Amino acid sequence: MACSRRNLLIGAGAVIFTTGVAKVALAKKSLVATQDVGDKRYGMVFDETACIGCTACTDACRETNNVPEGVSRLTIERSAPMGEYPNVDYTFTRVSCQHCDNAPCVTVCPTGASYVDLKTGIVDVHSDKCVGCGYCLAACPYQVRFFHPETKSADKCNFCRDTNLKAGKLPACVESCPTNALTFGDLNDPTSEINKVIASNAVYRSKIELGTEPKLYKVADTKGEIKR
Amino acid sequence: MGNVKLAIRTTISFLLIICIYGLNFSVAAESSDHDALTTSADSRHQVTFIRDSDNACTQCHKDSKETRQGTHGEKATVKLGRDLKCVECHNTIGPDHRENASQVTTYSAAQSEVGTHKSLLDFDAILKATGNCTECHTSERLQEKTWVHDVHAKKATCSSCHVIHADGEKEGMQALERKAQIAQCVDCHKDFNLIKKDKGE
Ligand code: SF4
Ligand code: SF4
Ligand code: SF4
């Protein structure tokens with residue numbers, strides 16, 4: 001049977017359709033950490049196996065970002081002692097904003113004070129727009145927001161966006177860590193240091209079942225209880 | 001002859017009179033001061049050992065006793081109920097330690113991980129070195145003070161962080177502000193990381 005013009009056109013359409021789909025599928029980056037929103041998507045890795053609990057990071061954050069005593073953007077939580085002398089051990093974990101891609105704190109904010117900066121993926125607060133209703137403090141599943149005693153605005157880690165990042169430096173906590181337990185970088189860049197660390201370690205993120213899509217990754221410590 | 005007998009008799013009776021008078025006197029004295037006399041008589045037989053065993057040490061190590069006061073001074077005396085002696089920590093001292101001090105126990109900074117400044121010891125050697133300290137500063141007490149003691153139990157000697165013969169409490173960990181204390185953690189742990197990085201680990 002001769003190939004009719006009609007059949008040829010249908011066949012050509014099918015070819016275009018399938019290659020088009022394949023192209024879209026290929027364009028989707030395969031690394032788990034990347035996503036096609038914004039230019040950059042800043043994230044952080046906290047290596048529980050490297051942290052010694054010195055809290056140099058919490059002090060550095062306080063100084064750099066003018067966080068007064070009594071509140072904190074970053075705390076290091078220490079476990080109960082495990083084992084007997086002289087083999088007593090502890091685990092440490094980082095408590096700070098997870099810079100959720102799907103941030104509940106932003107969704108509930110009635111004034112638009114809480115927002116995601118689309119250029120960087122950083123979740124931040126316009127302190128002049130904040131009316132102090134406290135919705136975001138209640139909505140954050142990670143319990144990392146607080147009211148700043150001076151500005152009276154909701155506050156939390158913003159990856160040092162207006163301090164160290166602005167000055168072209170790494171976040172204060174990352175800079176101060178003596179054990180390189182912290183890695184900061186662009187999750188959208190497949191060649192970045194942070195993507196290498198994520199790819200070569202057993203990482204987890206907290207409470208992912210809530211659909212918050214947090215950008216704080218943790219290298220799991222094998223000691224002690226299983227963390228999530 | 002009769003004269004001689006008379007003379008003897010008068011002398012004896014005279015002596016007797018004196019004796020009786022004297023006895024009267026001493027009985028009177030004893031009865032009035034009885035308590036005072038017995039106590040003084042008891043204490044006269046109590047011998048207290050007043051020789052200072054540290055005396056020989058301080059002939060050469062002149063300041064060492066004062067510099068120790070900041071850490072093992074009054075508080076230690078109260079806890080122990082006596083003064084702490086040099087040889088209780090610097091034990092195994094020999095008579096000829098002046099030659100090269102090889103026998104005396106001394107305390108110095110050492111750690112189990114390779115660092116730039118401190119010497120290296122294995123876990124067992126560190127535990128042995130700190131054994132004298134942990135006799136009084138028990139692991140429970142140390143843990144109560146801070147968790148940091150726990151994680152360094154076999155990884156660093158006490159002198160790595162503490163100055164025992166401190167100038168008052170101006171030196172060593174306890175004298176430092178929180179920030180300066182953290183700087184001490186950073187000092188060593190950053191060093192470890194740089195060394196590892198140099199090795200390409
Ligand atoms: S961790 Fe909390 S404050 Fe940070 S983005 Fe997520 S919901 Fe908001
Ligand atoms: S990134 Fe900056 S603001 Fe966030 S915890 Fe670190 S130092 Fe604090
Ligand atoms: S500075 Fe680094 S090692 Fe120290 S507590 Fe913070 S994350 Fe842990």
Side-chain angles (χ1 to χ4, degrees), chain A residues 45-70 72 74-94 170 172-183 193 196-197 200-201 219 221 223-224, chain B residues 111-113 115-116 121-131 133-135 137-158 160-161 173 176-201:
Chain A
V45 178
F46 171 70
D47 188 347
E48 291 174 358
T49 62
C51 178
I52 54 162
C54 69
T55 66
C57 52
T58 61
D59 279 22
C61 176
R62 227 171 251 299
E63 271 170 34
T64 308
N65 300 299
N66 179 33
V67 184
E69 292 293 332
S72 38
L74 164 64
T75 49
I76 294 290
E77 246 171 38
R78 187 176 67 247
S79 71
M82 300 176 290
E84 296 288 323
Y85 175 87
N87 299 306
V88 185
D89 213 343
Y90 298 81
T91 59
F92 305 97
T93 199
R94 177 185 163 104
L170 282 171
C173 53
V174 180
E175 267 192 334
S176 67
C177 177
T179 63
N180 297 338
L182 296 165
T183 314
E193 178 69 21
K196 276 182 210 150
V197 173
S200 55
N201 285 287
V219 178
D221 199 329
K223 301 175 290 195
Chain B
Q111 60 200 18
S112 63
E113 193 150 339
T116 315
L121 282 182
D122 64 21
F123 293 160
D124 287 336
I126 287 172
L127 283 172
K128 204 173 152 224
T130 57
C133 311
T134 48
E135 239 177 62
H137 304 272
T138 57
S139 57
E140 294 83 24
R141 281 190 193 155
L142 291 173
Q143 187 180 63
E144 235 170 70
K145 289 268 180 210
T146 164
W147 61 275
V148 183
H149 286 137
D150 278 342
V151 289
H152 293 103
K154 54 177 190 180
K155 296 185 178 167
T157 56
C158 306
S160 299
C161 306
M173 267 298 167
L176 300 178
E177 296 271 303
R178 178 191 142 84
K179 237 185 104 134
Q181 286 183 337
I182 294 175
Q184 299 254 326
C185 315
V186 173
D187 262 0
C188 293
H189 285 273
K190 195 163 198 159
D191 187 36
F192 301 154
N193 254 46
L194 289 177
I195 289 172
K196 271 190 203 148
K197 211 172 156 192
D198 283 349
K199 281 197 209 145
E201 274 174 35

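In this text, all values refer to a predicted model and were calculated from it rather than measured experimentally.
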Would you say the side chain of A:Asp59 lies within less than 4.5 Å of the side chain of B:Ile182, judging by non-hydrogen atoms?
-> yes

What residue, out of B:Lys154, B:Gln143, B:Arg178, has the most heavy-atom pairs lying under 4.5 Å from chain A?
-> B:Arg178

By residue number, those in residues 183-192 of chain B with heavy atoms under 4.5 Å from heavy atoms of chain A are B:Cys185, B:Val186, B:His189, B:Lys190

Steps toward side-chain contact (heavy atoms from CB on, under 4.5 Å) verdict (A:Val88, B:Trp147) | CA-CA 9 Å; A:Val88 185; B:Trp147 61 275; over 6 Å; no

Distance, nearest 0.5 Å, that separates NZ of B:Lys179 from CZ of A:Arg62 | 12.0 Å

Listed by chain and number, what are the side chain to side chain donor-acceptor pair (under 3.5 Å) partners of A:Tyr90, not counting sequence neighbours?
-> B:Asp150

Do the side chains of B:Leu127 and A:Pro86 get nearer than 4.5 Å, heavy atoms only?
-> yes

Interface moiety of B:Leu142 toward chain A, non-hydrogen atoms closer than 4.5 Å = neither

Give a yes or no on whether A:Lys223 atom NZ has more than 12 heavy-atom contacts from other residues, nucleotides or ligands under 6.0 Å away.
-> yes

Find the distance between CG (B:Asn193) and OG1 (A:Thr179) and round it off to the nearest 0.5 Å.
-> 6.0 Å

Cut-off 4.5 Å, heavy atoms of chain B, and the answer for A:Glu84 is neither

